[in-house]
K.L.:
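Have a look at the structure that comes next, please.
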Amino acid sequence: MASNVWRSMLSHVVGAAKRPTLQTVTLIPGDGIGPEISVAVMKIFESAKVPIQWEERNVTAIQGPGGRWMIPPDCKESMDRTLIGLKGPLKTPIAAGHPSMNLLLRKTFDLYANVRPCVSIEGYKTPYTDVDLVTIRENTEGEYSGIEHIIVDGVVQSIKLITEDASRRIAEYAFEYARNNQRSSVTAVHKANIMRMSDGLFLRKCREVAENFKDIKFTEMYLDTVCLNMVQDPTQFDVLVMPNLYGDILSDLCAGLIGGLGVTPSGNIGANGVAIFESVHGTAPDIAGLDMANPTALLLSAVMMLRHMGMHDYGKKIETACFDTIRDKKVLTGDLGGKSKCSEFTEEICRRVRDMD
Amino acid sequence: MMAAALRGSVVTLAKGLTGTGPWWQQLAARSLNMTASLGGPEAPPARADATFKVTMVPGDGVGPELMTAVKEVFKAGDVPVEFEEFHLSEVQHMDSDEKLEQVLASMKTNRVAMKGKINTPMEFKGELAGFEMKIRRRLDLFANVVHVNSLPGYSTRHNNLDLVIIREQTEGEYSSLEHESVPGVIECLKIITREKSRRIAKFAFDYATKKGRSKVTAVHKANIMKLADGLFLQCCAEVAELYPKIKYENIIIDNCCMQLVQNPYQFDVLVMPNLYGNIIDNLAAGLVGGAGVVPGESYSAEYAVFETGARHPFAQAVGRNIANPTAMLLSAANMLHHLNLEYHSNMVSDAVRKVIKQGKVRTRDLGGYSTTGDFVQAVVGNLRHRPMY
């Protein structure tokens with residue numbers, strides 16, 4: 001059965017399989033503040049003595065044979081070999097004629113699941129405390145299929161596509177994730193009372209997959225109810241799985257609850273075992289090169305990557321160092337409310353990591 | 001008081017001066033009959049006791065309980081409004097096309113209605129549009145306005161909020177046009193038209209002007225849905241140019257959600273298509289206290305329907321007497337304001353605010369232990385203490 005093959009492949013990637021000693025990871029620094037924060041992450045990993053070697057690659061779109069835009073072949077080859085990637089923010093030029101780089105990466109590696117864990121950061125106070133949830137968003141179809149037409153002048157139609165395969169795939173990933181990360185419940189977010197056929201199909205697939213995972217509690221909730229309850233009491237949610245548009249909005253909403261995109265990690269999981277972890281904030285061209293950037297988002301994404309690779313100890317060490325630094329409030333970058341430079345913040349985290357050994 | 005009544009009538013005219021008949025007839029008819037919106041040949045004649053007739057559709061879930069609360073408060077306050085009730089429900093199998101026609105005919109006669117949420121079941125038999133959508137489309141209730149105001153005396157994470165959310169209600173993602181092209185592949189169409197986008201944008205700017213608001217923000221996702229939301233954004237920008245005194249901005253929906261939970265004070269009036277409106281209505285309602293405290297209304301060029309802002313049937317509370325009637329009572333007060341019954345409108349809304357401020361009688365969603373009945377009694381008690389001019 002295809003799903004059994006799929007499941008075994010997934011557990012091979014996500015579970016604690018034996019790993020070779022030195023692992024290679026493809027690093028895509030990105031634009032704007034990307035290079036600075038990538039350097040910061042590499043320095044912190046070095047001081048933690050993580051057995052990872054980095055392979056830096058660039059992703060500017062090039063036009064392949066037949067006029068189709070694609071990512072550079074050396075980047076693709078590197079990713080296919082290492083299967084793990086860490087990506088900084090990429091600039092999307094407005095009139096470059098090619099689709100956004102994120103879209104190209106997504107299509108090339110079939111990155112169908114976007115995972116964003118949102119955990120309240122102890123030192124960074126927001127009005128919402130004790131947030132601990134994960135949003136899993138279907139990333140390939142739904143409202144963002146990009147199929148739009150002008151029917152007549154003044155009437156535009158945009159198509160939302162929901163397919164059985166994609167819905168089943170994301171539901172299976174969500175339950176696997178919940179099982180592997182000791183999460184107790186999965187909530188499907190939908191609007192099946194209005195979009196009865198499309199979200200109805202998504203919901204049916206989630207229910208079917210839930211039958212195979214009886215140890216995880218499965219609930220379903222309307223999108224508006226989730227929004228209403230999320231801003232009143234976010235502690236009632238655990239893992240949320242949803243189609244593309246709702247996922248986009250809810251994952252940003254949850255990022256806002258814990259402090260914004262500057263501190264939120266994110267991971268994209270693809271078919272064939274590829275996983276790319278990224279920081280979701282922008283390139284911040286106004287502070288690029290001024291040593292003012294905050295590397296927390298990329299660092300937490302890298303920690304997520306370590307957990308995905310099975311290196312839980314290193315991940316915990318670096319994460320604790322980062323949270324302790326933020327909690328102490330002595331060395332903070334501008335966006336967290338302090339006055340330090342990016343290099344000082346990085347150095348502080350490196351010092352804590354070294355002290356922990 | 002005379003000046004206030006006159007101002008009120010001009011306001012009502014300005015709100016709906018597009019309807020039937022030439023303008024002079026509408027202006028003349030205003031002094032002759034007492035119905036809320038434009039007088040026309042089909043309006044009922046004035047009654048000697050000048051009671052307004054309002055259609056009432058309690059809906060599902062706690063709707064009937066909330067409507068009972070409204071009726072009790074109105075009776076205690078001697079409000080000159082008579083309700084014509086219709087029980088329309090899809091989940092309880094009290095639906096049929098004749099009932100729908102009856103409700104629509106009544107709404108068209110009375111022109112003002114109060115409505116609870118008519119639940120749409122997830123399984124559909126034949127038609128994809130539920131009863132709520134059908135009512136909205138038949139009456140062309142294109143604008144949904146939700147008032148998000150912090151209640152004095154009840155503090156949340158964000159206090160002193162004052163937002164207005166205007167949502168296009170008839171097209172967009174809720175077009176009910178879905179089909180299964182191949183087994184396992186379903187398409188759902190989202191329709192955006194220039195005419196309706198312009199209409200809602202104009203409504204938003206008119207509303208902002210009338211209420212003295214300074215900024216209108218359009219919410220969209222035009223970086224991804226370039227043609228559909230791009231058209232909506234373009235229409236908003238075109239209409240914005242006609243209102244130089246009002247500041248116009250736009251923001252992407254996911255950034256908007258993030259900003260609403262981090263710094264909601266930067267927004268004033270928000271205008272958006274259907275689905276985003278649903279999300280932001282509920283988000284903003286959650287910011288000030290939940291679905292029980294936010295009133296809302298739906299407008300068409302000729303009709304006005306008053307309901308709660310966040311529309312949930314709250315089925316788990318049925319029969320337990322725990323629902324919070326604040327939203328429905330505040331919406332009823334807005335309805336009285338729309339009918340130009342200023343005195344009664346202020347009386348009801350002041351009583352409700354006083355009860356919330358005192359904090360002794362609070363329903364469960366606001367952290368108290370009182371029942372719906374207790375709350376209504378408290379409101380009724382505060383009504384009688386209203387000083388006469």
Side-chain angles (χ1 to χ4, degrees), chain A residues 92 100 126-128 143-151 153-165 167 190-203 222-233 244-246 248-257 259-261, chain B residues 119-124 128 130 133 156-158 173-174 176-180 183-195 221 223-232 253-255 257-262 275-276 278-287 289-291 310-312:
Chain A
T92 302
S100 83
T126 58
Y128 301 89
E143 296 83 348
Y144 292 6
S145 41
I147 312 172
E148 292 183 293
H149 321 99
I150 298 182
I151 307 183
D153 179 43
V155 178
V156 175
Q157 148 190 312
S158 168
I159 296 188
K160 160 179 165 163
L161 200 62
I162 300 277
T163 56
E164 210 178 294
D165 291 333
S167 306
H190 64 97
K191 267 215 91 57
N193 53 345
I194 303 287
M195 290 183 245
R196 308 210 227 192
M197 280 173 84
S198 33
D199 279 354
L201 174 63
F202 179 80
L203 206 55
Y222 290 132
L223 173 64
D224 43 8
T225 313
V226 171
C227 286
L228 187 65
N229 293 339
M230 182 75 78
V231 291
Q232 295 186 291
D233 180 22
N244 214 334
L245 176 70
Y246 314 151
D248 192 11
I249 297 174
L250 271 183
S251 57
D252 276 3
L253 175 62
C254 299
L257 295 177
L261 294 179
Chain B
N119 208 0
T120 312
M122 282 199 272
E123 298 78 32
F124 56 97
L128 283 173
M133 278 312 290
T156 56
R157 293 181 179 97
H158 310 271
E173 295 82 350
Y174 291 24
S176 311
L177 294 165
E178 297 179 280
H179 47 271
E180 191 161 6
V185 176
I186 296 188
E187 284 188 338
C188 172
L189 302 180
K190 163 181 166 164
I191 311 281
I192 300 274
T193 55
R194 179 172 296 141
E195 189 193 319
K221 189 86 192 162
N223 52 343
I224 304 284
M225 291 187 248
K226 300 188 170 65
L227 289 181
D229 282 352
L231 177 62
F232 178 79
I253 172 83
D254 38 6
N255 192 14
C257 288
M258 210 181 335
Q259 296 300 323
L260 273 171
V261 291
Q262 295 188 302
L275 179 69
Y276 311 147
N278 185 227
I279 295 172
I280 303 242
D281 275 350
N282 282 276
L283 218 172
L287 291 177
R311 302 188 270 227
H312 298 268

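Just so we're clear, the structure is a prediction, and the values are computed from it rather than from any experiment. Every chain is numbered from 1, with letters handed out A, B, ... down the list of sequences.
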K.L.:
Tell me, side chain or backbone of A:Leu250 under 4.5 Å from chain B's heavy atoms, or both, or neither?
P.N.:
neither

K.L.:
Quick one: which of A:Leu161, A:Thr126, A:Ile151, A:Leu257 has the most heavy-atom pairs under 4.5 Å with chain B, could you say?
P.N.:
A:Leu161

K.L.:
Is it the side chain or the backbone of B:Phe232 that comes within 4.5 Å of chain A heavy atoms, both, or neither?
P.N.:
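Contact with chain A involves no heavy atom of B:Phe232 at all.
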
K.L.:
Using non-hydrogen atoms only, which part of B:His179 is less than 4.5 Å away from chain A: side chain, backbone, both, or neither?
P.N.:
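Contact with chain A: backbone only.
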
K.L.:
What heavy-atom pair brings A:Tyr128 and B:Val261 nearest, and what distance separates the two atoms?
P.N.:
CE1-O, 3.8 Å

K.L.:
Measuring heavy-atom distances to chain A, does B:Lys226 have an atom under 4.5 Å in its side chain, in its backbone, in both, or in neither?
P.N.:
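Interface part for B:Lys226: both.
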
K.L.:
Select, from A:Ile150, A:Leu203, A:Asp224, A:Leu261, the one with the greatest count of heavy-atom pairs under 4.5 Å involving chain B.
P.N.:
A:Asp224

K.L.:
Please state whether the side chain, the backbone, both or neither of A:Thr225 comes within less than 4.5 Å of a heavy atom of chain B.
P.N.:
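Both backbone and side chain.
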
K.L.:
I'd like to know whether B:Leu275 forms a side chain to side chain contact (heavy atoms under 4.5 Å, CB included) with A:Leu245, so could you lay out the CA-CA distance, the side-chain angles of the two residues, the decisive distance to 0.1 Å, and finally the verdict.
P.N.:
CA-CA 10 Å; B:Leu275 179 69; A:Leu245 176 70; 3.2 Å; yes

K.L.:
Nearest 0.5 Å, what's the NE2-CG distance between B:His312 and A:Leu228?
P.N.:
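Answer rounded to 0.5 Å: 5.0 Å.
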
K.L.:
Which region of A:Tyr222, side chain (C-beta onward) or backbone (N, CA, C, O), has a non-hydrogen atom less than 4.5 Å from a non-hydrogen atom of chain B, or is it both or neither?
P.N.:
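Contact with chain B involves the side chain of A:Tyr222 alone.
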
K.L.:
First locate atom CG of A:Leu201, then atom CD of B:Glu178, and finally report the distance between them rounded to the nearest 0.5 Å.
P.N.:
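A:Leu201 atom CG to B:Glu178 atom CD measures 10.0 Å (nearest 0.5 Å).
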
K.L.:
Given that the side chain runs from C-beta out, which part of B:Gln259 has a heavy atom under 4.5 Å from chain A: side chain, backbone, both or neither?
P.N.:
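For B:Gln259, no heavy atom lies under 4.5 Å from chain A.
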
K.L.:
What part of B:Glu187 gets within 4.5 angstrom of chain A, counting heavy atoms only: side chain, backbone, both, or neither?
P.N.:
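Answer is both: backbone and side chain atoms of B:Glu187 are under 4.5 Å from chain A.
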
K.L.:
Supply the atom-to-atom distance B:Asp229 CG to A:Glu148 CD, rounded to the nearest 0.5 angstrom.
P.N.:
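CD of A:Glu148 is found 8.0 Å from CG of B:Asp229.
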
K.L.:
Do B:Leu283 and A:Met230 have side chains that get closer than 4.5 Å, going by heavy atoms?
P.N.:
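No, their side chains stay 4.5 Å or more apart.
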
K.L.:
Of all of B:Lys221, B:Met133, B:Met258, which one pairs up most often with chain A through heavy atoms under 4.5 Å apart?
P.N.:
B:Met258

K.L.:
Starting at OG of A:Ser158, measure out to CD1 of B:Ile224 and round the result to the nearest 0.5 Å.
P.N.:
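If I round to the nearest 0.5 Å, the distance is 11.0 Å.
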
K.L.:
With a 4.5 Å heavy-atom cut-off, do B:Ile279 and A:Leu223 have their side chains touching?
P.N.:
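Yes, close enough: below the 4.5 Å cut-off.
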
K.L.:
Where do A:Ile159 and B:Leu189 land on the side chain to side chain contact (heavy atoms under 4.5 Å, CB included) test, with the steps shown first?
P.N.:
CA-CA 5 Å; A:Ile159 296 188; B:Leu189 302 180; 3.6 Å; yes

K.L.:
Are the side chains of B:Asn255 and A:Asp252 in contact, using a 4.5 Å heavy-atom criterion?
P.N.:
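They are not in contact (no side-chain heavy atoms under 4.5 Å apart), so the answer is no.
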
K.L.:
Just give me the residue among B:Ile280, B:Ile253, B:Asn223 that pairs up with chain A most often, heavy atom to heavy atom, under 4.5 Å.
P.N.:
B:Ile253

K.L.:
Name the member of A:Asp153, A:Asn229, A:Asp199 that forms the most heavy-atom pairs with chain B at distances under 4.5 Å.
P.N.:
A:Asp153

K.L.:
Is A:Ser198 in contact with chain B via its backbone, its side chain, both, or neither, using a 4.5 Å heavy-atom distance?
P.N.:
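Its backbone and side chain both get close to chain B.
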
K.L.:
Rounded to the nearest 0.5 Å, what separates atom CG in B:Leu287 from atom CD in A:Gln232?
P.N.:
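Reported to 0.5 Å precision, the distance equals 8.5 Å.
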
K.L.:
Kindly say whether A:Val231 contributes a backbone atom to a donor-acceptor pair with the side chain of B:Arg157 at under 3.5 angstrom?
P.N.:
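Yes, because the side chain of B:Arg157 sits within donor-acceptor range (under 3.5 Å) of the backbone of A:Val231.
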
K.L.:
Going from OG1 on B:Thr120 to CG on A:Asn193, what distance comes out if it is rounded to the nearest 0.5 angstrom?
P.N.:
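One gets 5.5 Å once the value is rounded to the nearest 0.5 Å.
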
K.L.:
Using heavy-atom distances under 4.5 Å, tell me whether B:Leu260 contacts chain A through its side chain, its backbone, both, or neither.
P.N.:
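Contact with chain A involves no heavy atom of B:Leu260 at all.
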
K.L.:
Would you mind checking which part of B:Leu227 comes under 4.5 Å of any heavy atom in chain A, side chain (CB onward), backbone (N, CA, C, O), both or neither?
P.N.:
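Both backbone and side chain of B:Leu227 come within 4.5 Å of chain A.
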
K.L.:
I'd like to check B:Lys190 versus A:Lys160 (side-chain heavy atoms, cut-off strictly below 4.5 Å). Are they in contact?
P.N.:
no

K.L.:
Using a 4.5 angstrom heavy-atom cutoff, name the option from A:Gly260, A:Gly154, A:Ala255, A:Ser167 with the most pairs to chain B.
P.N.:
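Highest number of pairs under 4.5 Å: A:Gly154.
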
K.L.:
Any idea which heavy atoms bring A:Ile249 and B:Cys257 closest together, and the distance?
P.N.:
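Nearest heavy atoms, A:Ile249 then B:Cys257: CG2-SG, 3.4 Å.
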
K.L.:
At a heavy-atom distance under 4.5 Å, which candidate from B:Ala310, B:Gly290, B:Ala285, B:Gly130 has the highest pair count against chain A?
P.N.:
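Result: the option with the highest number of such pairs is B:Gly290.
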
K.L.:
Which atoms of A:Ile147 are under 4.5 Å from chain B, going by heavy atoms: the side chain, the backbone, both sets, or neither?
P.N.:
neither

